[in-house]
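What follows is a short report on a single structure.
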Amino acid sequence: MSIEQDIAKRLKQGDSQAEKLLYETYAGWLLGVCLRYVGDRATAQDLMHDGFLQILMTCRHFRWQGEGSLKAWLFKVQQNVILMHLRKQHQLSETLPIDDMLADEIPEPETTRYIPQKELMKMIAELPPGYRTVFNMYVIDGHSHKEIAQMLCIQEKSSASQLVHAKRLLAARINLWRKENL
Amino acid sequence: MNEPWLDEIRQTMTDYKEELPADGWERLSAAKPARWVVPIWLSRAAVVLLLGMLGVGGMYYFLDVPMSVTVHQERTEVTKKQEIKTPADVTEVEPIAEKQETKSVWRAAKVMAEPPEVAAEIYAEKEEADIEPQVREESLPPASDEEQKVLLAMESHPRSSKPVRRGWKIGMHLNGSGNTGEMSVSPENFIQNSNSGYTSSNTLRDGIIGSDNHLSWSTGVTVSRQLNDILALESGLVYTYLSSDIHMSMSGRKHQQLHYLGIPLRLDVFLYHGSRWQIYTSGGMMLEHSLYGKRGKENLHLNDWQYSLDGGVGLQFKIKDYMGLYVEPGMNYYFSNGSEVPSLRTESPLSFRLQLGLRFSL
């Protein structure tokens with residue numbers, strides 16, 4: 001039995017130790033997800049706290065459906081909390097004026113590979129909220145533009161456009177880092 | 001994606017972890033609302049107890065486990081042996097013995113001075129005694145302490161009090177059951193994706209991420225048959241309405257309604273029969289089938305059977321000779337039937353119920 005399956009089974013039985021184990025195993029990763037989306041640590045911690053609270057209140061009803069299903073379920077709950085926060089803050093439509101966009105060369109994958117995780121996280125956090133959200137959802141979390149449009153209540157074209165701008169900004173930032181560090 | 005640099009970013013950031021705050025778990029534990037989690041062993045114990053009640057009640061009735069004990073029968077034998085009086089010898093009615101000896105019915109006849117053969121015929125034809133049993137007090141051995149206890153217990157048993165009216169009854173009731181309206185979350189349909197660090201549905205659908213379950217309501221008509229002074233068997237037809245607010249990942253909150261029709265089968269064990277009040281325990285099961293379901297504007301195509309056990313304690317007040325009002329708090333346990341539709345029954349299989357109803361004797 002895998003750790004995930006064991007945790008899921010014990011959560012269903014109301015084991016409070018399993019709840020703590022769930023926190024210790026996944027909370028750091030969920031905090032990383034929150035930070036990717038909102039950009040600042042204080043807000044990310046609050047969102048992770050709210051999301052995990054919701055998880056703890058409902059985890060005994062979770063039905064394990066195979067390896068990775070628990071992690072996927074945790075992510076869905078947390079993402080929902082994050083998106084509700086962003087919608088409330090009206091941050092999803094924030095963009096930059098066009099003349100601030102830089103037409104940059106596409107970074108090499110080798111370059112990206114050398115960038116430390118924390119540095120990459122900082123670069124993503126510096127993106128405007130709207131671009132950052134679409135970038136996270138499309139590039140890292142694997143949603144399509146149609147799904148993003150439905151979840152964020154925007155047009156599909158708007159999602160695609162924001163992704164293009166996000167990639168340009170991030171590419172510029174990565175190239176700058178490469179020039180300074182490599 | 002045809003951009004390798006983005007693939008690199010994705011692989012780097014998918015499992016990225018941040019350092020947790022030192023007091024993170026303590027804050028979370030303090031903020032978590034206290035709730036009573038029904039341990040599985042308690043749920044199972046409740047099921048076993050209900051089955052035990054049914055089993056004991058059924059055994060009592062069908063196997064005819066005698067309430068009277070052998071002491072009663074032995075005394076009957078003893079008194080029969082000692083009281084051998086032929087009709088010819090009987091010239092007058094003997095004084096009636098004290099009630100402490102026995103409750104057995106004796107065949108007796110008041111025979112005046114008849115010819116022996118006529119008296120014998122009369123004696124033989126009489127099935128039941130018209131006059132009190134004739135027992136010479138001095139012919140019976142005194143009852144031992146143990147025998148006296150048994151006899152006293154028999155006298156105080158509900159069965160020995162005023163006989164319960166047998167026959168059929170019909171009833172109607174209203175029943176509310178549930179737990180708290182706690183938000184619960186169900187997983188969506190996840191597809192295994194070997195390229196990612198976690199599994200997620202790449203074709204995201206409007207999945208269920210939570211539900212608020214309201215109290216369920218049921219109403220029905222029941223028919224019961226009083227089997228003896230203690231047991232009654234009840235069945236009927238019960239309609240149940242389940243209502244929930246379902247939280248969808250993309251379309252938001254939707255109201256869900258489920259309708260069930262069921263046939264219950266219950267055994268009521270009466271603990272006390274008074275002139276006005278009755279106290280009983282009940283236990284049984286119900287088999288239901290879904291009739292109809294709707295979530296928002298979408299019809300749910302349900303076709304599931306639902307088994308459940310229930311048990312409770314009832315208090316009935318006799319308003320009229322033919323009509324009684326009853327209240328019956330109890331518990332229900334709903335067995336999982338594999339249904340994907342979340343409801344109060346899937347989220348809280350063990351729930352409290354309160355039933356109010358009227359019973360009419362036919």
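Reckoned from all heavy atoms, side chains included, excluding hydrogens, waters and symmetry mates. Just so we're on the same page: letters track the sequence lines, and every chain starts at 1.
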Subject >> Closest approach of B/Pro21 to A/Leu31 (non-hydrogen atoms, all atoms of both residues) >> reply: CD-CD2, 4.4 Å
Original post:
Quick one: what part of A/Leu30 sits under 4.5 Å from any heavy atom of chain B, side chain, backbone, both or neither?
Top reply: neither
Original post:
Mind checking what makes side-chain hydrogen bond (donor to acceptor under 3.5 Å, both in side chains) contact with B/Asp23, not counting sequence neighbours?
Top reply: none
Subject >> Verdict with supporting geometry, A/Met123 and B/Ile9, side chain to side chain contact (heavy atoms under 4.5 Å, CB included) >> reply: CA-CA 11 Å; A/Met123 292 179 191; B/Ile9 291 177; over 6 Å; no
**OP:** Test side chain to side chain contact (heavy atoms under 4.5 Å, CB included) on A/Tyr114 and B/Glu8 and set out the steps.
**Re:** CA-CA 10 Å; A/Tyr114 285 122; B/Glu8 284 295 329; over 6 Å; no
**OP:** Please round to the nearest 0.5 Å and tell me the distance separating atom OG of B/Ser29 and atom CD of A/Glu19.
**Re:** 8.0 Å
**OP:** Heavy-atom distances under 4.5 Å only: say whether A/Ile174 touches chain B with side chain, backbone, both or neither.
**Re:** side chain
Subject >> Heavy-atom closest contact (B/Trp5 atom, A/Lys167 atom, distance) >> reply: CH2-O, 3.6 Å
**OP:** Please report the shortest heavy-atom distance between B/Tyr16 and A/Lys118, naming the atom on each side.
**Re:** OH-NZ, 3.6 Å
**OP:** Answer yes or no: are there more than 12 heavy-atom neighbours, outside A/Gln155 itself, under 6.0 Å from its atom CD?
**Re:** no
Original post:
About how many Å separate CE of A/Met48 and CG of B/Leu28, when rounded to the nearest 0.5 Å?
Top reply: 7.0 Å
Subject >> Options A/Glu108, A/Arg41, A/Glu110, ranked by heavy-atom pairs under 4.5 Å with chain B, top entry >> reply: A/Arg41
Original post:
Checking A/Phe135 against chain B: side chain, backbone, both or neither under 4.5 Å from a heavy atom?
Top reply: side chain
**OP:** Using side-chain hydrogen bond (donor to acceptor under 3.5 Å, both in side chains) as the criterion, list what pairs up with B/Ser244, not counting sequence neighbours.
**Re:** B/Asn213
Original post:
When you look at CD of B/Glu19, are more than 12 heavy atoms from neighbouring residues, nucleotides or ligands closer to it than 6.0 Å?
Top reply: no
**OP:** Evaluate whether atom CD1 of B/Ile263 has more than 12 neighbouring non-hydrogen atoms of other residues, nucleotides or ligands under 6.0 angstrom away.
**Re:** no
**OP:** Locate the shortest heavy-atom distance separating A/His49 from B/Ala31; write the atom from each residue and the value.
**Re:** NE2-CB, 3.8 Å
**OP:** Provide the closest heavy-atom pair for A/Arg36 versus B/Met13 in the form atom of the first, atom of the second, distance.
**Re:** NE-O, 4.0 Å
Subject >> Heavy-atom donor-acceptor pair, A/Gln117 side chain to B/Thr12 backbone, under 3.5 Å >> reply: yes
**OP:** Supply the atom-to-atom distance B/Asp7 CG to A/Thr112 OG1, rounded to the nearest 0.5 angstrom.
**Re:** 10.0 Å
